2 protein chains.
Amino acid sequence: MTLTQLEYTLAVAEVGNFTLAAEKCFVTQPTLSMQVQKLEDELGVKLFNRNTKPIGLTPIGSKILTQAKTIVEESKRMDDIVSMEKGEVKGEFKLGIIPTVMPTLLPMFLNNFIKKYPKVNLKIEDLNTSSIEEKLLGGRLDAGIAATPLENNKLIEKPLYYEPFVGYIPKSHPLSNLEFIEPIDIEELEILVLEDGHCFRNHVLKLCKTTTISKSFDLKSGSFETLVNLVNEGPWITILPYLQTLKMSSVDKANLRYFKDPEPAREISIVYNKSQLKLPIIEALSNQIEGIIRGAIKFDNIQLVAPK
Amino acid sequence: MTLTQLEYTLAVAEVGNFTLAAEKCFVTQPTLSMQVQKLEDELGVKLFNRNTKPIGLTPIGSKILTQAKTIVEESKRMDDIVSMEKGEVKGEFKLGIIPTVMPTLLPMFLNNFIKKYPKVNLKIEDLNTSSIEEKLLGGRLDAGIAATPLENNKLIEKPLYYEPFVGYIPKSHPLSNLEFIEPIDIEELEILVLEDGHCFRNHVLKLCKTTTISKSFDLKSGSFETLVNLVNEGPWITILPYLQTLKMSSVDKANLRYFKDPEPAREISIVYNKSQLKLPIIEALSNQIEGIIRGAIKFDNIQLVAPK
DNA sequence: AAATTTAATAAGAAAAATCTATAATTTTAA
DNA sequence: TTAAAATTATAGATTTTTCTTATTAAATTT
């Protein structure tokens with residue numbers, strides 16, 4: 001049994017086809033077929049059922065493949081251990097980012113990061129907070145960027161920045177006359193928030209000290225753009241995270257009303273597993289983001305709002 | 001990186017010497033040296049410090065070797081999965097047995113077992129109950145034989161037999177006149193028990209409803225033989241497990257006094273991890289033991305004494 | 001039923017793992 | 001301190017394994 005055999009076998013199980021699997025492994029189809037056969041011979045069991053359309057696993061095959069997966073995964077960690085110890089910033093890095101941070105933060109650092117660390121193979125995915133926690137614990141994610149504190153003692157949080165909340169209030173609304181707003185000004189009925197599942201929704205609801213939103217309609221949107229457009233057309237207001245307001249048109253910007261000091265804000269952190277593998281990449285990433293944010297957010301006096 | 005390279009490297013770390021490691025791996029020394037070098041080259045780090053007398057690991061080497069160990073261990077499980085699924089009784093099997101069971105039980109089944117299942121490579125170790133639990137959870141043991149219930153919900157217990165307790169009372173002692181004894185007859189001061197750490201000690205103390213033994217001397221012995229010899233010479237009595245009494249001399253046997261129905265007894269079980277790998281071996285082993293015990297212990301009416 | 005896709009087989013080429021022989025180095029002992 | 005012994009590294013030959021190309025066989029699609 002060799003690691004190569006296990007990798008080839010996993011590829012077949014994944015794509016359900018010997019020819020494609022061979023491509024994926026950068027070898028010819030006979031090579032891959034023979035290695036899979038050798039493994040089957042050595043173990044003395046058929047792993048695949050070659051008769052079905054996408055090639056299927058035999059019952060014992062699926063148990064063996066599960067084990068093969070853990071062996072291959074453990075063997076891939078070897079490189080991480082070396083990079084870790086050498087302090088090298090390289091290798092695959094799976095990063096999850098919550099949707100209310102992704103569109104504003106990612107463009108700010110991605111380009112520079114991949115130029116500065118070309119050996120890092122970033123895999124970015126948008127995930128809500130609970131998926132991030134779950135995948136981090138399962139080792140299917142190397143780090144996440146989320147609103148904190150999470151109060152999960154199996155994960156490490158390193159705060160990156162504090163992002164103030166900003167009110168978006170159209171001219172037609174009475175609050176528009178105020179120079180600075182306060183949480184107490186806002187009534188639950190008039191505020192539009194993101195659909196359930198976004199922690200930013202919780203932030204806003206918490207800020208306004210209300211637990212349920214009962215309106216004459218039900219809004220399911222995950223985009224701040226939709227919210228802003230709706231607010232422009234109706235009798236409502238909404239609350240945005242600061243970074244979201246930077247790229248707005250100057251017309252929309254006129255509708256922004258900042259909170260009175262101390263400004264309510266959310267804490268955005270990079271979150272990772274206690275195993276601490278890939279620490280060099282995590283540090284490179286967080287330093288880069290912190291550097292960029294220092295130029296974008298001037299935070300003097302903020303009041304933290306928890307996401308949970 | 002290949003599994004072979006990892007195995008060779010682990011062997012060097014274990015024996016601290018390339019030449020011996022090569023022998024252990026059934027290859028020549030240059031072969032092993034070159035493979036270790038290839039691994040070092042591929043990872044880009046020196047794993048061993050060749051200058052020290054027994055070859056030592058570099059700091060990064062020791063981290064890599066830890067990972068190598070888990071990879072190799074996981075890959076060895078592959079065969080177990082196959083045997084498991086095929087129901088084959090073969091492969092390495094690490095069994096821990098508590099010291100108060102080992103000397104009586106082992107001779108009863110070992111010879112027959114290795115004849116009947118020559119493909120099983122039994123590794124037997126005497127371990128106290130807590131070591132068994134710990135090693136089972138850590139995967140360093142495949143099964144244990146111990147007094148139960150353990151009340152550990154991460155382990156599975158399968159009772160093998162119930163072993164009554166028997167009093168050993170010299171003629172000089174007043175209790176010697178009774179045909180059957182009862183727990184209530186026994187005073188804590190007159191009973192000799194095994195040293196701390198043996199669960200049989202707990203059994204006996206529990207039976208006699210006493211928690212501490214305060215004597216004019218302190219006995220540290222793990223052997224029933226010592227106990228019996230002491231009892232023969234002094235004003236004390238002791239309690240033995242039934243199987244221990246079978247091979248006694250007829251002189252000593254005359255000092256045995258059985259308990260009145262229901263006889264107090266301990267439960268001896270085979271204990272194993274929930275992962276249930278190696279179930280075929282576990283079943284073969286427990287069937288064999290049960291079969292043999294059926295002939296040795298006729299248990300009618302017993303009263304279970306817990307070990308904890 | 002013909003064409004296409006997909007997996008298995010065969011035979012040779014390339015790569016690798018291993019061996020024997022030997023050199024270099026370190027350790028031990030005189 | 002030097003000679004002998006033990007241990008590791010290197011070199012070249014040999015065997016084994018892996019991989020490729022070419023082809024066959026089987027299954028699926030048209």
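Since we're looking at a predicted model, the values are computed, not measured. Naming convention: chains lettered A, B, ... in sequence-line order (proteins, then strands); numbering from 1 in each chain.
Here B:R77 does not pair with A:E74 in a salt bridge; the nearest charged N to carboxylate O distance is not below 4.0 Å. Here B:R140 does not pair with B:E92 in a salt bridge; the nearest charged N to carboxylate O distance is not below 4.0 Å. Using a 4.0 Å cut-off between charged nitrogen and carboxylate oxygen, B:E125 and B:K135 count as a salt-bridge pair. Contact check on B:E14 versus B:K24 returns a salt bridge, with a Lys/Arg side-chain nitrogen under 4.0 Å from an Asp/Glu carboxylate oxygen.
Dashed line: the shortest gap from a side-chain N or O of B:N17 to OP1 or OP2 of D:dA6 is not under 4.0 Å. Contact annotation: B:T28 side-chain N/O to C:dC19 OP1/OP2 distance is under 4.0 Å. Contact annotation: A:T19 does not reach the phosphate of C:dT5 (side-chain N/O to OP1 or OP2, under 4.0 Å).
Considering every non-hydrogen atom in both B:K86 and A:V45, the closest pair reads CE-CG1, 3.7 Å.
The neighbour count for A:K158 NZ, taken as heavy atoms of other residues, nucleotides or ligands under 6.0 Å away, is above 12.
Considering only the side chain of A:I55, C:dA7 comes nearest among C:dA21, C:dA8, C:dA7. Between D:dT21, D:dA9, D:dC19, one nucleotide has an atom nearer to the side chain of A:T31 than all others, and that is D:dC19. When the nucleotides C:dC19, C:dT6, D:dT8 are ranked by their closest atom to the side chain of B:V27, C:dC19 comes out on top.
If you check every strand for non-hydrogen atoms under 4.0 Å, B:Y8 touches sugar and phosphate atoms only.
A side-chain donor-acceptor contact under 3.5 Å links A:N273 to the backbone of A:L136.
In this structure, CD of B:Q29 is placed 14 Å from P of C:dA21, rounded to the nearest angstrom. Rounded to a whole Å, the CZ atom of B:F18 is 14 Å from the P atom of C:dT26. In this structure, B:E23 atom CD and D:dA6 atom P are separated by 13 Å, rounded to whole Å. The distance from atom CG of B:L47 to atom P of D:dA9 is 12 Å, rounded to the nearest whole Å. Rounded to an integer number of Å, the gap from CZ of A:R50 to C1' of D:dA26 is 13 Å. Summarising the geometry, the separation between CG on B:L3 and C1' on D:dT17 is reported as 15 Å, rounded to the nearest angstrom. Rounded to a whole Å, the CZ atom of B:F26 is 17 Å from the C1' atom of C:dC19. A:Q5 places its CD atom 11 Å from the P atom of D:dT17, with the value rounded to the nearest Å.
The stretch residues 32-44 of chain B touches DNA chain C through B:Q35, B:K38, each having a heavy atom under 4.0 angstrom from the strand.
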